[in-house]
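Protein chains get the first letters and strands the later ones, always in sequence-line order, with residue 1 at the start of each.
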Protein chains: 4
Amino acid sequence: MGPVKGVRSKRMPRAVRERQMMDAAVRTFGQRGYRAASMDEIAELAGVSKPLVYLYLNSKEELFTACIRREADALIAAVRAGAEPRLAADRQLWAGLAAFFTHTAVNPDGWAILHRQARTHGEPFAAEVATMRDEIVAFVTGLIGAAARETHRESELAARDMAGLAQALVGAAESLAGWANETEGVSAKEAAGTLMNFAWMGLGDLMKGARWSAR
Amino acid sequence: MGPVKGVRSKRMPRAVRERQMMDAAVRTFGQRGYRAASMDEIAELAGVSKPLVYLYLNSKEELFTACIRREADALIAAVRAGAEPRLAADRQLWAGLAAFFTHTAVNPDGWAILHRQARTHGEPFAAEVATMRDEIVAFVTGLIGAAARETHRESELAARDMAGLAQALVGAAESLAGWANETEGVSAKEAAGTLMNFAWMGLGDLMKGARWSAR
Amino acid sequence: MGPVKGVRSKRMPRAVRERQMMDAAVRTFGQRGYRAASMDEIAELAGVSKPLVYLYLNSKEELFTACIRREADALIAAVRAGAEPRLAADRQLWAGLAAFFTHTAVNPDGWAILHRQARTHGEPFAAEVATMRDEIVAFVTGLIGAAARETHRESELAARDMAGLAQALVGAAESLAGWANETEGVSAKEAAGTLMNFAWMGLGDLMKGARWSAR
Amino acid sequence: MGPVKGVRSKRMPRAVRERQMMDAAVRTFGQRGYRAASMDEIAELAGVSKPLVYLYLNSKEELFTACIRREADALIAAVRAGAEPRLAADRQLWAGLAAFFTHTAVNPDGWAILHRQARTHGEPFAAEVATMRDEIVAFVTGLIGAAARETHRESELAARDMAGLAQALVGAAESLAGWANETEGVSAKEAAGTLMNFAWMGLGDLMKGARWSAR
DNA sequence: CATGAATGAGCTTTCATTCAT
DNA sequence: AATGAATGAAAGCTCATTCAT
């Protein structure tokens with residue numbers, strides 16, 4: 001089971017300790033929020049004394065920034081790993097969404113930090129996460145453009161339209177991530193399916209009985 | 001000109017004073033966040049002494065809750081007022097979205113409280129705003145259902161599907177609200193149009209050149 | 001006897017409280033030094049809570065600066081009050097020295113702040129007290145010049161020589177202040193007499209053009 | 001080139017290591033002050049780990065005391081070496097002063113420790129440096145007595161007067177040391193000359209029995 | 001001989017909240 | 001109706017000091 005959280009286990013190499021601290025910080029920041037989280041609590045959860053946290057991570061601000069970066073990188077990596085580039089664009093989108101829902105479900109504190117906390121506590125942090133979100137939006141925009149080219153020789157979608165659409169899609173995904181994690185029995189794949197139906201087919205078509213499917 | 005903010009003017013009826021305090025609180029909470037906002041700052045901005053804030057609003061927590069309620073009610077009212085019930089369901093949806101984008105653009109501090117702060121600072125506040133969001137989701141779900149009935153005798157959309165779709169739609173709207181407020185020259189109606197295209201027509205149709213229009 | 005130090009006596013006008021705090025701060029800083037003095041100790045000695053000290057004096061740094069200024073002003077005022085301008089220059093100097101020794105004897109903590117602490121704890125504070133010392137040096141330089149003119153039509157003392165002499169005289173006075181305060185039974189007037197013997201008889205010869213030389 | 005400061009070089013004899021540490025400590029204490037200097041900084045500047053500093057010097061307090069002693073001994077030695085006992089008393093005094101000004105100019109951190117820091121941070125340290133100062137004052141008192149005997153068979157200077165004069169002279173010297181080190185282009189010999197003018201010409205008259213009086 | 005890992009204790013500062021008038 | 005005066009409690013951060021290797 002590894003060392004029990006909250007109990008001091010002495011003399012570990014720095015890298016290990018640092019990981020423990022970051023884990024504790026992500027959990028505490030995710031659940032309490034940046035301001036409400038105290039360094040005392042983080043240190044206790046990590047099973048170390050407060051000075052050690054400062055020795056390794058320097059300050060609350062730097063610690064939070066480090067958490068944001070770690071979680072952002074992990075999320076991006078998960079999505080990219082999910083969306084295999086050999087697939088068709090719409091299938092890539094579906095797979096990316098599924099990976100996204102899976103990752104956020106498995107890693108709720110990290111998701112809370114990125115989605116809620118970082119954007120609520122001042123420019124430096126918000127900028128950090130905005131960079132990551134922009135990366136995802138760009139990724140999605142690229143997929144939409146690719147899909148358009150695959151489907152029709154001459155797409156009628158202007159660049160600015162695509163940006164708005166990508167914003168809407170990402171926002172919808174973020175919202176569904178919360179919903180899926182809270183609603184009993186909604187799996188990541190299910191959520192991804194719902195969103196693909198919504199995004200790809202549109203409400204109008206859905207009402208006529210049309211459905212998007214992986215093939 | 002009315003009483004200048006930040007300057008003490010004596011002896012006003014309670015209702016007026018209370019309004020001044022709430023205005024100051026919404027602005028301060030919206031810009032600083034719940035924790036970073038200090039009662040000192042709120043009192044000063046309201047032009048009253050701190051004990052008076054406590055006399056009327058009891059505590060920081062209650063004050064924040066009161067702000068959430070006031071802003072939530074105002075937002076719901078704006079959306080309901082926008083979506084005239086005599087219109088067709090899709091037009092109602094469009095009108096409601098336009099009203100939503102307009103209200104959030106005009107009232108950014110209130111929107112920040114609802115969208116960011118309340119959800120980030122603990123259950124009691126999150127629950128408060130969840131209630132409002134559920135109300136909006138229910139409203140949207142109702143519109144989707146109505147549209148389905150208007151269009152086809154037997155809708156194939158199950159209740160649970162509709163809930164997910166409504167979640168996605170509301171999330172997309174929230175995301176676009178931020179995007180529209182930050183992006184130069186994107187009006188509320190434009191944002192509503194973008195979202196209707198996305199939601200009603202779907203990416204698939206959009207690529208074929210189809211567009212949703214108010215008529 | 002007034003309110004006993006260290007015991008809380010409630011609800012006093014701000015000016016009174018502020019004076020109590022400054023008194024406590026001068027005493028604590030003077031005896032412990034800037035760094036070793038804790039705001040806790042100052043607050044306790046002043047008979048108030050720590051937050052009140054911050055409310056009125058803002059920070060440890062500002063509090064220390066305020067102490068320096070207050071004590072510097074008091075010392076300058078004491079010396080100026082002692083040296084009646086109607087007297088001959090040498091008598092003015094004697095009177096000023098006597099006032100200086102008296103003030104430092106009566107006010108040892110204030111003197112410790114100016115002479116020891118302020119100069120030992122960083123530029124901002126050192127600059128503050130340097131200003132005052134320069135004022136005193138200028139005052140003494142003026143007296144030396146006046147005495148020279150009174151005694152001999154054409155003084156042979158160059159400006160730079162006088163600056164050095166004034167530095168030496170002030171340094172000697174500072175040193176004697178410590179010695180007189182520590183040595184049993186040395187009064188302020190006695191110390192002033194000793195220093196006048198040392199300084200004046202030397203100066204008197206200098207003014208006649210005499211110089212000591214290595215051979 | 002010798003080992004570069006701040007870089008670890010392994011396995012040196014204890015005496016060498018200890019010297020490096022003391023050098024680093026004198027510099028750090030002299031520039032930052034006793035409290036503001038951190039053992040971390042000292043260890044880093046010495047190029048060793050903190051535990052080694054503790055192993056050799058035991059504690060911050062002992063380290064500081066050791067610095068005071070070393071610098072005091074060095075200063076005394078410099079002054080004694082300067083004042084050749086074969087010379088006449090006034091020339092001895094001049095030479096001693098010149099040596100003093102030279103040593104403090106060359107060794108500003110050591111002088112800061114003795115003159116400023118040690119006297120500012122509590123009895124134990126102040127006592128340490130007071131011993132050294134007393135030694136210098138006694139040395140000067142001896143010179144004054146010798147000069148008096150050389151000049152006049154029966155000196156009219158009582159012992160206590162001489163103590164006061166020596167205090168004044170030493171204080172003047174301390175003050176001039178600061179002035180000379182800060183003022184562009186004032187050499188040690190020049191400062192010694194200024195002080196001899198000030199002091200000796202006055203003392204010369206005193207020895208002839210002259211006295212300044214308030215009337 | 002030498003150090004990486006770790007902490008107890010203390011400091012400055014802030015804030016929500018109340019009392020006496 | 002309204003406020004100047006005051007505080008308990010806690011938070012971020014630093015530092016001298018020690019252990020285990």
Side-chain angles (χ1 to χ4, degrees), chain A residues 8-14 16-18 35-43 47-61 63, chain B residues 8-14 16-17 35-43 47-63, chain C residues 8-14 16-18 35-43 47-61 63, chain D residues 8-14 16-17 35-43 47-63:
Chain A
R8 302 284 168 98
S9 48
K10 306 236 162 160
R11 303 266 146 189
M12 335 244 310
R14 174 169 181 150
V16 177
R17 275 283 190 245
E18 218 165 302
R35 297 283 302 232
S38 86
M39 295 298 270
D40 270 299
E41 188 178 356
I42 291 171
V48 296
S49 71
K50 220 182 346 172
L52 202 58
V53 180
Y54 279 91
L55 189 62
Y56 287 176
L57 280 322
N58 299 322
S59 74
K60 195 182 187 185
E61 216 168 309
L63 173 55
Chain B
R8 304 284 168 96
S9 49
K10 306 229 162 169
R11 304 265 151 189
M12 332 243 312
R14 171 158 185 159
V16 177
R17 274 282 191 244
R35 297 280 307 218
S38 84
M39 294 299 269
D40 268 300
E41 189 178 356
I42 292 171
V48 297
S49 73
K50 234 186 327 176
L52 199 59
V53 180
Y54 278 87
L55 188 62
Y56 286 0
L57 279 321
N58 300 319
S59 76
K60 195 184 187 185
E61 220 169 306
E62 278 190 40
L63 172 55
Chain C
R8 302 284 167 95
S9 49
K10 308 234 160 158
R11 302 266 147 187
M12 333 242 314
R14 173 167 182 154
V16 177
R17 273 285 190 244
E18 219 165 300
R35 298 282 303 229
S38 86
M39 294 298 268
D40 268 300
E41 190 178 355
I42 292 171
V48 297
S49 71
K50 225 185 337 175
L52 201 58
V53 180
Y54 278 89
L55 189 61
Y56 287 176
L57 279 323
N58 299 324
S59 76
K60 195 183 187 184
E61 216 169 308
L63 173 55
Chain D
R8 304 284 168 98
S9 48
K10 305 228 160 168
R11 303 269 150 187
M12 332 244 311
R14 169 158 184 159
V16 178
R17 275 281 193 243
R35 298 280 305 220
S38 84
M39 296 297 270
D40 268 299
E41 189 177 357
I42 291 170
V48 297
S49 73
K50 233 184 331 175
L52 199 58
V53 180
Y54 278 87
L55 188 62
Y56 286 178
L57 280 319
N58 300 319
S59 74
K60 194 184 188 184
E61 219 168 306
E62 278 191 40
L63 173 55

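When heavy atoms are screened at a 4.0 angstrom cut-off, B/R14 is found touching no nucleic acid atom at all. C/A37 comes within contact range of the sugar-phosphate backbone alone, with a heavy-atom separation under 4.0 Å but no base atom that close.
A/L55 has its CG atom 14 Å from the P atom of F/dA16, to the nearest Å. Taking atom CZ of residue C/R17 and atom C1' of nucleotide F/dT7, one finds them 12 Å apart after rounding to whole Å.
Taken to the nearest 0.5 Å, the CZ atom of D/R17 stands 13.0 Å off from the CG atom of D/L57. Rounding to the nearest 0.5 angstrom, the gap separating the CG atom in A/L63 from the CD atom in A/E61 is 11.0 Å.
For C/S49, the side-chain atoms get nearest to F/dA6 when compared with the rest of F/dA6, E/dT3, F/dA5. For B/M12, whose side chain is taken as the heavy atoms from C-beta onward, the closest listed nucleotide among F/dC19, E/dT17, F/dA2 is F/dA2.
In a base pair of the Watson-Crick type (N1 to N3 plus N6-O4 or O6-N4) or a G-U wobble (N1-O2 and O6-N3), with each distance short of 3.5 Å, E/dT18 is matched with F/dA5. Summarising the base pairing, F/dA11 is matched to E/dT12 through a Watson-Crick or G-U wobble pair whose two defining distances lie under 3.5 Å.
For C/Y56 and D/Y54, each mapped to the nucleotide of DNA chain F holding its nearest heavy atom, the one lying further toward the 5' end belongs to C/Y56. Projected onto DNA chain F by closest heavy-atom contact, A/K60 and B/L52 fall at different nucleotides, the more 5' of which corresponds to B/L52.
Between C/R35 and D/A36, the closest heavy-atom pair is NH1-CB, 3.4 Å. Shortest non-hydrogen contact noted between A/M39 and A/S59 is CE-C, 4.2 Å.
Taking 3.5 Å as the limit, the base of E/dT13 and the side chain of C/K50 contain a donor-acceptor pair of atoms between them.
Contact between the side-chain N/O atoms of A/R35 and the OP1/OP2 oxygens of F/dG12 is not found at any separation under 4.0 Å.
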